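Quick notes on the structure that follows.
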Amino acid sequence: MKLATFSRGGVHPADKKDLSKEKKLERLPIPSELVVSMSEHLGAPAVLTKKKGDTVSRGEVIGTAAGYISADVHSPVDGVVVDIRKVRVQSGAVADAAVIKSNETQSNPWTDKHDWKKLSSEELLDLVRKMGIVGMGGATFPTAVKLTIPMGKEVDALIINGVECEPYLTSDYRLMIEKPDEVLEGVMVAAAIAKPKKIIIGIEANKMDAVALLSEKAAAHGYPITVMPLKMKYPQGDEKQLIKATIRREVPSGKLPLDVGVVVCNLGSCYAMYEAAVYNKPLVERVITVSGESISEPKNLIAPIGTKFSDLIAYCGGEKDDAVSMVAGGPMMGFAVYDDSTPMVKGSSGLLILPKMVDDFSAPCVLCGKCVQHCPMGLQPNKMFRNIKYGNYQAAMDLGLMDCKECGCCAYTCPSHLPLVQGFKLGKKMGRKKK
Ligand code: SF4
Ligand code: SF4
């Protein structure tokens with residue numbers, strides 16, 4: 001069978017999913033202390049509404065959205081706020097955070113089921129907003145904003161991103177295998193809001209068991225969902241590449257998926273929408289893959305937001321002696337983290353503990369053109385990088401720097417090991433500043 005994929009660029013890194021693929025979802029015992037940051041999402045950080053000494057209960061709002069592109073933050077535990085301080089989250093941003101000491105016994109306020117089908121699309125959208133749901137693949141764009149369809153626009157396709165193309169990560173895979181009914185119901189919640197003409201779940205072909213299971217379950221429920229296996233190619237989980245792979249539609253530069261009649265939702269966010277709609281449960285926990293060659297026991301954990309990476313590592317048996325780096329997210333787009341007290345945020349799909357993997361050298365560009373050949377956005381990474389290096393930010397922007405997805409395909413293929421993505425991140429920041 002010929003499998004669909006995007007046409008331009010991309011790479012095929014070893015998927016390394018065998019390390020954790022068979023590890024069933026396991027609930028992390030509630031840590032004694034959590035650090036819940038107000039910068040859990042793309043956009044303005046939430047405004048912390050608690051102070052030192054306040055008691056908090058599970059699911060209570062402790063931070064309110066500070067604008068349209070922002071999201072509420074809820075307490076993942078019953079406990080007491082023992083400190084308010086600034087923390088650096090995995091992306092490098094510094095934000096206010098509530099340090100919460102957890103009570104020894106925890107309540108479970110999410111046992112009663114609700115019939116979400118009685119709610120209107122506006123009420124469901126409001127629920128998604130109030131429950132603080134964001135894109136859980138790493139982008140953390142507030143889901144309610146994504147599902148707000150402006151007057152006069154129609155959604156032709158709702159595409160669910162079950163691709164999980166980053167090496168090592170298996171959190172979405174485990175959700176699909178262990179919670180297929182819940183994931184599909186969450187997809188139907190999103191569909192009840194966006195009212196698409198068609199619904200497609202895109203899944204890469206290294207998860208054919210998930211493709212078969214979701215197809216079978218969707219048919220059994222009578223859901224109008226097509227489950228589409230896709231050829232393995234990175235970065236297929238990027239919205240633009242996924243739209244191209246599934247419905248052959250191109251999102252022009254500077255435009256959004258909605259401009260071509262598409263809404264893309266992450267699969268983990270659909271599961272969160274299921275929990276919100278059925279149990280009124282806010283986004284206070286998520287599945288995170290803890291993996292890598294240098295962690296003693298890779299696992300897929302359900303852990304509360306605010307869990308420190310050190311607690312995750314300890315629960316997985318600790319680091320091996322050859323551990324050299326800690327990466328939050330996948331190895332292609334994730335962030336190197338230097339402090340294991342960094343807390344999990346809503347976008348923490350993975351934590352990787354890795355041995356030394358590449359030589360620490362970078363040489364001059366040899367004009368091989370590999371970066372151009374593999375860039376899925378059709379950019380010229382070598383030229384952009386050279387301009388940024390010499391401070392010509394406007395020239396880099398004229399070459400399409402703002403279209404760069406920071407996917408890392410160029411850096412992955414560069415024989416000179418140039419820090420291309422770091423350069424592009426810096427270039428974007430400086431370019432915006434100059435503007
Ligand atoms: S990081 Fe940017 S320039 Fe490099 S391949 Fe990805 S989109 Fe292209
Ligand atoms: S891949 Fe690296 S060495 Fe080759 S052209 Fe691009 S930047 Fe230069």
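What you see is a predicted model; the values in this text were computed from it and never measured. Indexing begins at 1, ligand by ligand and atom by atom, following the structure's order.
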What residue among Met136, Glu164, Met176 forms side-chain contact (heavy atoms from CB on, under 4.5 Å) with Ser171? Glu164
Counting each atom of ligand 2 from 1 as listed, which ones have a heavy atom of Val366 under 4.0 Å away? 3 (S), 8 (Fe)
Any Leu28 side-chain heavy atom under 4.5 Å of Thr307 side chain: yes
Atom indices of ligand 2 within 4.0 angstrom of Asn382 heavy atoms, with elements: 5 (S), 6 (Fe), 7 (S)
Tell me, please: is Leu418 in heavy-atom contact with ligand 2, that is, under 4.0 Å? yes
Does at least one non-hydrogen atom of Ser416 fall below 4.0 angstrom from an atom of ligand 2? yes
Look at the N, O or S atoms of Cys365, main chain and side chain alike, and state whether any lies under 2.8 Å from atom 8 (Fe) of ligand 2. yes
Option set Cys371, Ala411, Cys410, criterion heavy-atom distance to atom 6 (Fe) of ligand 2, minimum: Cys371
For atom 7 (S) of ligand 1, state which one of Met384, His374, Lys405, Met332 supplies the nearest heavy atom. Lys405
Using a 4.5 Å cut-off on heavy atoms from C-beta on, say whether the side chain of Ile225 contacts that of Ile200. no
Within 45° cone of Tyr271 ring axis and under 6.0 Å: Lys179 NZ or CZ: no
Work out whether the distance between some heavy atom of Gly9 and some atom of ligand 1 is less than 4.0 Å. no
Of the options Lys244, Arg249, Lys146, which is the one that meets Glu239 in a salt bridge (Lys or Arg N to Asp or Glu O under 4.0 Å)? Lys146
Look at Cys414 and state whether any of its N, O or S atoms is less than 2.8 Å from atom 4 (Fe) of ligand 2. no
Just checking, is any N or O donor in the side chain of Asp209 or Tyr173 under 3.5 Å from an acceptor N or O on the other one? yes
